[in-house]
Amino acid sequence: MNNEKVIFVAGHKGMVGSAIVRRLKDLGCTNIITATRDELDLQDASAVQSFFEMKQIQEVYLAAAKVGGIQANDTYPAEFIYENLMIEANVIHAAHLFDVEKLLFLGSSCIYPQNAEQPMREDALLTGILEATNEPYAIAKIAGIKLCESYNRQYGHDYRSVMPTNLYGPNDNFHPENSHVIPGMLRRFHEAVQNNSSEVVIWGSGEPMREFLHVDDMAAACVHVMELPSHTYQDTTEPMLSHVNVGTGVDCTIRELAETIARVTGFEGSLVFDTSKPDGTKRKLLDVGRLNTLGWRAQLELEQGLTDAYAWYLRNLDHARN
């Protein structure tokens with residue numbers, strides 16, 4: 001790695017972006033460029049282009065996105081598709097205009113069809129109907145993959161895409177209504193312990209299976225994929241793939257997740273599953289064979305990662321309660 005190259009991490013305040021910044025700093029990178037939302041509106045094409053021209057950026061990690069759980073996706077579908085489309089289109093096009101050497105786009109496992117064969121391989125993309133609860137967000141992420149693919153094909157760029165499984169860890173969103181499953185559960189279980197509650201209510205039946213990856217592992221995988229030589233990244237026995245899955249290759253039921261979080265937080269009451277709430281897709285497990293072949297595997301086991309995430313939450317209660 002050239003530690004002096006100019007690297008722009010878009011979305012550095014978010015969970016993934018902040019983890020990527022930590023990883024790059026740990027590796028000795030000295031020219032990491034960031035910008036808050038007040039400093040740079042990524043939905044403003046002119047502002048983004050001016051920023052790229054001024055900063056002379058060499059690499060981009062595109063981690064900026066509007067994200068949320070099932071309820072947030074169901075409540076704000078227009079914002080989820082519009083804001084994500086604008087952000088990725090503006091950043092990827094600016095990278096093209098100002099000769100950025102490499103770009104890494106972060107997608108989501110929700111790009112795959114609702115009934116995709118498990119575990120989901122990269123070539124399952126666009127082979128079936130998407131899960132209805134987050135379809136607008138998924139379509140925006142698919143568009144980001146295709147933007148990278150199209151600029152590569154037409155202009156010979158080196159823009160890569162990674163599709164993470166469900167992420168969690170420091171700087172997660174612990175909002176009581178708009179968070180993903182792990183931060184939402186960590187908060188509810190913590191508050192149940194503090195309030196001496198006898199039970200915690202979990203959305204759905206508890207039967208769906210999900211895969212979870214600590215964000216520090218995700219950041220390590222992002223840098224690993226970005227640093228791969230082009231011929232290595234593109235060397236696959238399958239037809240040319242413009243994206244790679246990032247996950248652990250191991251999943252668990254939501255019930256098992258809740259039981260683990262109960263241990264981590266010290267909750268000893270009952271778990272109540274509210275079957276009036278949607279389960280979402282029955283199972284979402286990524287096939288990470290391609291990533292493993294490219295030389296990377298996840299390091300943190302789930303309970304270890306949850307313990308770390310909970311410790312961060314306890315240290316940042318005021319911030320995390322937003």
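- Rounding to the nearest 0.5 Å places CG of Asp217 at 12.0 Å from OG1 of Thr165.
- One finds the CG atom of Asn3 at 9.5 Å from the CD1 atom of Ile32 (value rounded to the nearest 0.5 Å).
- Between the side chains of His180 and Asn166, no donor-acceptor pair of N or O atoms lies under 3.5 Å.
- Across all their heavy atoms, Met15 and Pro170 have their closest contact at CG-O, 3.2 Å.
- Using a 4.5 Å heavy-atom threshold, the side chains of Leu24 and Glu59 count as separate.
- Using a 4.5 Å heavy-atom cutoff, the side chains of Asn245 and Ser109 are not in contact.
- Across all their heavy atoms, Ala45 and Asn90 have their closest contact at CB-OD1, 3.3 Å.
- Looking at Val244 and Leu291, their side chains come closer than 4.5 Å, going by heavy atoms from C-beta outward.
- The shortest non-hydrogen separation linking Gln56 to Val6 is O-CB, 3.8 Å.
- Counting heavy atoms from C-beta on, the side chains of Met218 and Leu106 come closer than 4.5 Å.
- Every residue meeting the salt bridge (charged side-chain N to carboxylate O under 4.0 Å, His left out) condition with Arg22, not counting sequence neighbours, appears here in chain and number order: Asp216.
- Here the closest non-hydrogen pair linking Ile92 and Gly144 is CD1-O, 4.0 Å.
- Contact record, Ala140 with Asn84: CB-CB, 3.7 Å, taken as the closest heavy-atom pair.
- Judged as a salt bridge (Lys or Arg N to Asp or Glu O under 4.0 Å), the pairs with a partner in residues 258-272 (not counting sequence neighbours) are, in order, Arg263-Glu303.
- Between His93 and His96, the ring-plane angle classifies as tilted under the 30° and 60° cut-offs.
- In the hydrophobic clustering of this structure, Leu27 groups with Val16; members are Ile, Leu, Val, Met, Phe, Trp, Tyr whose side-chain heavy atoms approach within less than 4.5 Å, directly or through other members.
- A tilted orientation is assigned to the rings of Tyr151 and Tyr159, their planes being inclined by 30° to 60°.
- The closest donor-acceptor contact from the side chain of Arg210 to the backbone of Ile254 lies at 3.5 Å or more, if one exists at all.
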Practice prompt. Test side chain to side chain contact (heavy atoms under 4.5 Å, CB included) on Tyr168 and Asp308 and set out the steps.
Written response: CA-CA 10 Å; Tyr168 68 96; Asp308 174 80; over 6 Å; no
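- Between the NE2 atom of His12 and the OG1 atom of Thr34 there is a distance of 4.0 Å, given to the nearest 0.5 Å.
- Judged as a ring-ring contact (aromatic ring centres under 6.0 Å, His included), and not counting sequence neighbours, Phe212 has no contacts.
- Cluster annotation: Val48 is connected to Leu85 through the hydrophobic network of ILVMFWY side chains, with a link wherever side-chain heavy atoms come within less than 4.5 Å.
- Judged purely by atom type and a 3.5 angstrom limit, His224 uses its side chain to pair as donor or acceptor with the backbone of Leu294.
- The two atoms that bring Pro113 and Ala124 nearest to each other are CD-O, 3.3 Å, heavy atoms only.
- Judged purely by distance below 3.5 Å, without hydrogens or angles, the side chains of Asp274 and Ser276 pair a donor atom with an acceptor atom.
- Linking Ile, Leu, Val, Met, Phe, Trp and Tyr residues whenever their side-chain heavy atoms come within less than 4.5 Å places Leu62 and Ile33 in a single cluster.
- Relative orientation of the Tyr112 and His243 rings is tilted, given thresholds of 30° and 60° on the angle between their planes.
- Asn171 places no side-chain N or O within donor-acceptor distance of the main-chain N or O of Ala19, the cut-off being under 3.5 Å.
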Discussion item. Set out, in order, the CA-CA distance, both residues' side-chain angles and the distance that settles side chain to side chain contact (heavy atoms under 4.5 Å, CB included) for Phe98 and Ile57, then state yes or no.
Written reply: CA-CA 8 Å; Phe98 296 100; Ile57 296 163; over 6 Å; no
Practice prompt. Output, in order, the C-alpha distance, side-chain angles, deciding distance and verdict of side chain to side chain contact (heavy atoms under 4.5 Å, CB included) for Leu257 and Leu306.
Written response: CA-CA 10 Å; Leu257 172 67; Leu306 290 172; 4.1 Å; yes
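- Here the CD atom belonging to Gln114 is positioned 7.5 Å from the CD1 atom belonging to Ile129, to the nearest 0.5 angstrom.
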Fill in: Trace of the side chain to side chain contact (heavy atoms under 4.5 Å, CB included) decision for Asp287 with Met120
CA-CA 5 Å; Asp287 185 322; Met120 298 178 289; 5.9 Å; no
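- In this structure, the separation between CG on Asn173 and CZ on Arg187 is 9.5 Å, given to the nearest 0.5 Å.
- With hydrogens and angles disregarded, no donor-acceptor distance shorter than 3.5 Å links the side chain of Lys66 to the backbone of Ile81.
- Between Lys5 and Glu227, at least one side-chain N (NZ, or NE/NH1/NH2) sits under 4.0 Å from a carboxylate O, which counts as a salt bridge.
- Ring centroid separation for the pair Phe189 and Tyr310 does not come in under the 6.0 Å cut-off.
- Cluster membership for Leu317 and Phe267, using ILVMFWY side-chain heavy atoms within less than 4.5 angstrom, is shared.
- The distance from atom CZ of Arg297 to atom CD of Gln299, rounded to the nearest 0.5 Å, is 10.0 Å.
- Salt bridge annotation for Glu149-Arg153: absent, with no cationic side-chain nitrogen under 4.0 angstrom from a carboxylate oxygen.
- Residues Met209 and Leu286 do not share a hydrophobic cluster, clusters being chains of Ile/Leu/Val/Met/Phe/Trp/Tyr side chains in contact below 4.5 Å.
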